Protein chains: 2
Amino acid sequence: MTENSFRESGRAARDSTASGIAAVAALAGVSTGTVSKALNGTGQLRESTRLRVRAAAEEVGWLPNGSARSMRSGRTYTVGVITTDSYGRFSIPILRGVEDALGLGEMLCFLCDSRDDPIREQHYVRTLLARQVDGIIAVGRKEDPRIPLGRDIPVPVIYAFAPSTDPEDCSVIGDEQGGARRAIDHLVKTGRRRIAHITGLENHASAVLRAEGFRTAMAEHGLEPVDGVWFGSWSEEWGHNGVRSLLASSPDVDAIFCGSDQIARGAAYELAALGRSIPEDVALIGVDNWSPFTDGYRPHLSSVDLNLTTIGRRAGEALLKALDGRGEPGIQTVDPELIVRESSGPARRRP
Amino acid sequence: MTENSFRESGRAARDSTASGIAAVAALAGVSTGTVSKALNGTGQLRESTRLRVRAAAEEVGWLPNGSARSMRSGRTYTVGVITTDSYGRFSIPILRGVEDALGLGEMLCFLCDSRDDPIREQHYVRTLLARQVDGIIAVGRKEDPRIPLGRDIPVPVIYAFAPSTDPEDCSVIGDEQGGARRAIDHLVKTGRRRIAHITGLENHASAVLRAEGFRTAMAEHGLEPVDGVWFGSWSEEWGHNGVRSLLASSPDVDAIFCGSDQIARGAAYELAALGRSIPEDVALIGVDNWSPFTDGYRPHLSSVDLNLTTIGRRAGEALLKALDGRGEPGIQTVDPELIVRESSGPARRRP
DNA sequence: TCTTTTCCGGAAGAGGTTTTCCTAATTTTC
DNA sequence: GAAAATTAGGAAAACCTCTTCCGGAAAAGA
């Protein structure tokens, strides 16, 4: 160090206006090429040189210039995430998973909210491509399949939650039917037989798939659904109204599988108001595992967690794979999980 | 057009491997500089040339290379958004506002979730700076002031929701006290006198500020708070418990200002269970205007909306200003709004 | 001491765009 | 029809980093 100080100060003074790697080079008394090698651990350098350069970089507070790097490497280590939902409740955990997966690759996300507007979406696709993103993840809000982002997109595209209608695309989605099956299996295993299903909008794939899963699982256990399937809306209020109607027509129901935690919360309050205790008289299971509702009040609600964060993580991983040339088309499903809480506890022993 | 076709095809053939602007230049039979001018509307060009170049760009599907552009201009038209919250309920609307503001400037957001971990936060700051972001927006989850992102950050930083402790920084926050005042004013104006306040954690600035606003507003109306301020947690369950305790000690309360919609929803159910009707016996107002809770069931809840989206928009605008050299340090507050719904409707006429 | 090998580090170019300067071509003016 | 004025478009540099190719110096071997 000391024997170099003359050279260092000399160069530094001579070239003190340089910025970026050149400033580091000047301070360390080496060429820019050497700095690059020292900082990236490439090339053949004396250890002392490497250390000297590192120290110089530290001193001038050097940070790599991403633009310059991308221009050379052709990669930006950046992905675009387009969500059709205004980053609603579903996009958020998915985003988190995406970030988890991409963070490992030192990648950053551009977040774009298309607000379900095709014009905005196309605009974002162009903007993202102009910024040379390495890939794009399209996050949906519903399970309903969606039209692909576009033809001839020169980077990999992964669809999360809402799959692409093109089977050649890569999509990562939740397993709605599996979730319903887990709920029903659990209810049956804990002794319930008169099971009803109150769920959301009939024109949502999520509701339809859950209902299918419900019917299939019931059939497998040799059970008949109580009063078919009650479609309504995704609101807490529908939980109240649905339960009221249900109990009026089938007062002997002993379990209700609800299409969402909001519906389940409404159902819980209404059951209490009608004098049924949970879980002794009626067991309750929701979907989403959304804590403001599952843990809002007693009893805490059992719920099917679609593992949205995992969906996001898988989508991120799929993208990394695709960037690595190992992309696999097709639809990948993520296993849901049943979170058991008080509302599906043991039934009152039949008298 | 026709008289140029020879030249065009000649150049195109000779240089068909070129990419980017060069490919367009070859196809249009002009130089790259001319293409740049034609596409950007700069320089002195014949209209026919401009059109020819545009057509060529269209034909080869040209998109500008963001990296190259940034390298020349020094601007990336990119901002980093660091949220301390896992993009929770508060960050989301703020983000939306940010995007609204920045979209006008054709800017894109890098979204980073620091998860309240200072190490992660510093990591993201470095990463963002390395990517040459034009600015950074730090989004908080609570109103509690936060330590600045760092010293010597070479780009403007705007703090949203959680202000910076350094008054020289630029922060955009909500007006908690103003929100409380609006709620109380409305209650008093509609004839309520025995008003209580049930709110969240005592060590959250949000709760403390709302409580202060509550006390001040009450004093201004010459009223005494019923039973002081009930601090608890931010949960629906606390709404139940708080109301139960409150009614036990002060059964003549005629309005409750709740620190959140979740608390208010719990309060609503408990009041109903105790035989008080809303709003005839007791009026109810929450904070957040979070529709799953305000519109969850009857009665729909009145609520103070802190206008988070506006906070985000203002933050974005402040950043654009700062980039324009017109940045203003200090704390900027955004006006809240009281959304009146059924729960604060007219009281039962006193017998 | 001279040759061969090994090791360090420098010079230069590429990547895509914008911009400045400058020349050539066209139009205007007398 | 020639000189002046204006306009159109080309050439090259700059932005910053990484990488390839090479030359020079030191070390090792003869």
Side-chain angles (χ1 to χ4, degrees), chain A residues 4 7-8 11 15 17-54 56-57 60-77 129-132 134 154, chain B residues 3-4 7-8 11 14-15 17-54 56-57 60-77 129-132 134 154:
Chain A
N4 280 325
R7 222 176 350 139
E8 279 177 42
R11 290 243 194 163
D15 206 356
T17 65
S19 75
I21 216 179
V24 179
L27 182 57
V30 296
S31 75
T32 58
T34 305
V35 172
S36 172
K37 288 169 198 158
L39 261 21
N40 294 301
T42 57
Q44 306 253 51
L45 266 63
R46 220 178 326 229
E47 193 54 26
S48 65
T49 309
R50 220 175 269 281
L51 256 40
R52 191 151 41 91
V53 172
R54 291 238 178 85
V60 303
W62 176 83
L63 283 176
N65 182 316
S67 308
R69 280 202 161 157
S70 319
M71 217 168 55
R72 253 210 71 80
S73 69
R75 282 197 59 181
T76 54
Y77 291 89
L129 291 178
R131 306 219 179 192
Q132 316 290 118
D134 293 336
Chain B
E3 75 270 28
N4 280 322
R7 229 188 332 149
E8 279 177 43
R11 290 243 194 163
R14 196 196 316 152
D15 207 355
T17 64
S19 76
I21 216 181
V24 179
L27 181 57
V30 296
S31 75
T32 59
T34 304
V35 172
S36 173
K37 289 169 198 159
L39 261 20
N40 293 300
T42 58
Q44 308 251 53
L45 268 64
R46 220 180 326 236
E47 192 54 25
S48 64
T49 310
R50 225 176 265 280
L51 258 41
R52 189 152 43 93
V53 171
R54 290 237 179 86
V60 303
W62 177 82
L63 281 177
N65 182 316
S67 307
R69 279 198 162 161
S70 317
M71 219 166 59
R72 255 210 67 82
S73 67
R75 282 197 58 181
T76 53
Y77 291 88
L129 291 177
R131 305 218 179 192
Q132 317 292 116
D134 293 337

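Within every chain, numbering begins at 1; the chains are lettered A, B, ... in the order of the sequence lines, protein sequences first and strands thereafter. Computed from a prediction, not measured in an experiment: that's the story for all the values here.
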K.L.:
Which distance, rounded to the nearest 0.5 Å, do you find between the CZ of A:Arg69 and the CD of B:Gln132?
P.N.:
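If I round to the nearest 0.5 Å, the distance is 10.5 Å.
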K.L.:
Counting heavy atoms from C-beta on, name the nucleotide in C:dG10, C:dG16, C:dT18 closest to the side chain of B:Asn65.
P.N.:
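Nearest nucleotide to the side chain: C:dG16.
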K.L.:
To the nearest 0.5 Å, what is the distance between OG1 on B:Thr49 and CD on B:Glu47?
P.N.:
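Interatomic distance, B:Thr49 OG1 to B:Glu47 CD, rounded to 0.5 Å: 8.5 Å.
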K.L.:
To the nearest Å, how far apart are A:Leu39 CG and D:dC16 P?
P.N.:
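In whole Å, D:dC16 P and A:Leu39 CG are 16 Å from each other.
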K.L.:
Give the nucleotide from the list D:dC18, D:dG9, C:dG16 with an atom nearest to the side chain of A:Met71.
P.N.:
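Of the candidates, C:dG16 comes closest.
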K.L.:
Could you give the CZ-to-P distance, from B:Arg69 to D:dC16, as a whole number of Å?
P.N.:
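B:Arg69 atom CZ is separated from D:dC16 atom P by 18 Å.
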K.L.:
Where is the tightest heavy-atom contact between B:Ser67 and A:Thr76, given as atom of each residue plus distance?
P.N.:
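So the minimum-distance heavy-atom pair works out to OG-CG2, 4.0 Å.
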K.L.:
Report yes if a side-chain nitrogen or oxygen of B:Ser67 is closer than 4.0 Å to either non-bridging phosphate oxygen (OP1 or OP2) of C:dT17; otherwise report no.
P.N.:
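Answer no for this pair, as no side-chain N or O of B:Ser67 is under 4.0 Å from OP1 or OP2.
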K.L.:
Could you pull out the protein-nucleic contacts involving nucleotides 11-14 of chain C (nitrogen or oxygen on both sides, under 3.5 Å)?
P.N.:
unit_1	atom_1	unit_2	atom_2	d
C:dA14	N3	A:Arg72	NH1	3.4

K.L.:
Without decimals, in angstroms, what is the distance between A:Glu47 CD and C:dG9 P?
P.N.:
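A:Glu47 atom CD is separated from C:dG9 atom P by 11 Å.
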K.L.:
Relative to the 5' end of DNA chain C, which residue comes earlier, A:Val35 or B:Ser36, by the nucleotide with the nearest heavy atom?
P.N.:
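Nearest-nucleotide comparison on DNA chain C picks A:Val35.
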K.L.:
Might you point out which heavy atoms bring A:Arg50 and A:Gly41 nearest each other, and give the distance in Å?
P.N.:
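That would be NH1-CA, 3.3 Å.
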K.L.:
Describe the nucleic acid contact of B:Thr49 in one word from base, sugar-phosphate, nothing, applying a heavy-atom distance below 4.0 Å.
P.N.:
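B:Thr49: backbone/sugar contact only, no base atoms under 4.0 Å.
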K.L.:
Give the rounded distance in Å between these two atoms: CD of A:Gln132 and P of C:dG15.
P.N.:
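Taking atom P of C:dG15 as the reference, CD of A:Gln132 is at 14 Å.
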K.L.:
Figure out the CZ/C1' separation between A:Arg75 and C:dG16, and round it to whole Å.
P.N.:
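My rounded result for the distance is 19 Å.
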K.L.:
May I ask you to test the A:Leu39-A:Trp62 pair for a side-chain heavy-atom distance under 4.5 Å?
P.N.:
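The answer is yes; the side chains approach within 4.5 Å.
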K.L.:
Angle between the end axes of the helix from C:dT1-D:dA30 to C:dC30-D:dG1, five pairs per end, to the nearest 10 degrees?
P.N.:
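The two end axes of the helix from C:dT1-D:dA30 to C:dC30-D:dG1 meet at 50°.
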K.L.:
Starting at CZ of B:Arg46 and ending at C1' of D:dG10, how long is that distance when rounded to a whole Å?
P.N.:
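So the CZ-C1' distance, B:Arg46 to D:dG10, works out to 13 Å.
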K.L.:
Output all residues satisfying salt bridge (Lys or Arg N to Asp or Glu O under 4.0 Å) with B:Arg75, sequence neighbours left out; order by chain, then residue number.
P.N.:
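Result, salt bridge (Lys or Arg N to Asp or Glu O under 4.0 Å) vs B:Arg75: B:Asp134.
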K.L.:
What integer distance in Å separates B:Asn40:CG from C:dT17:C1'?
P.N.:
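These atoms are roughly 9 Å apart.
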K.L.:
Expressed as a whole number of angstroms, how long is the span from B:Gln44:CD to C:dT26:C1'?
P.N.:
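Result: 13 Å.
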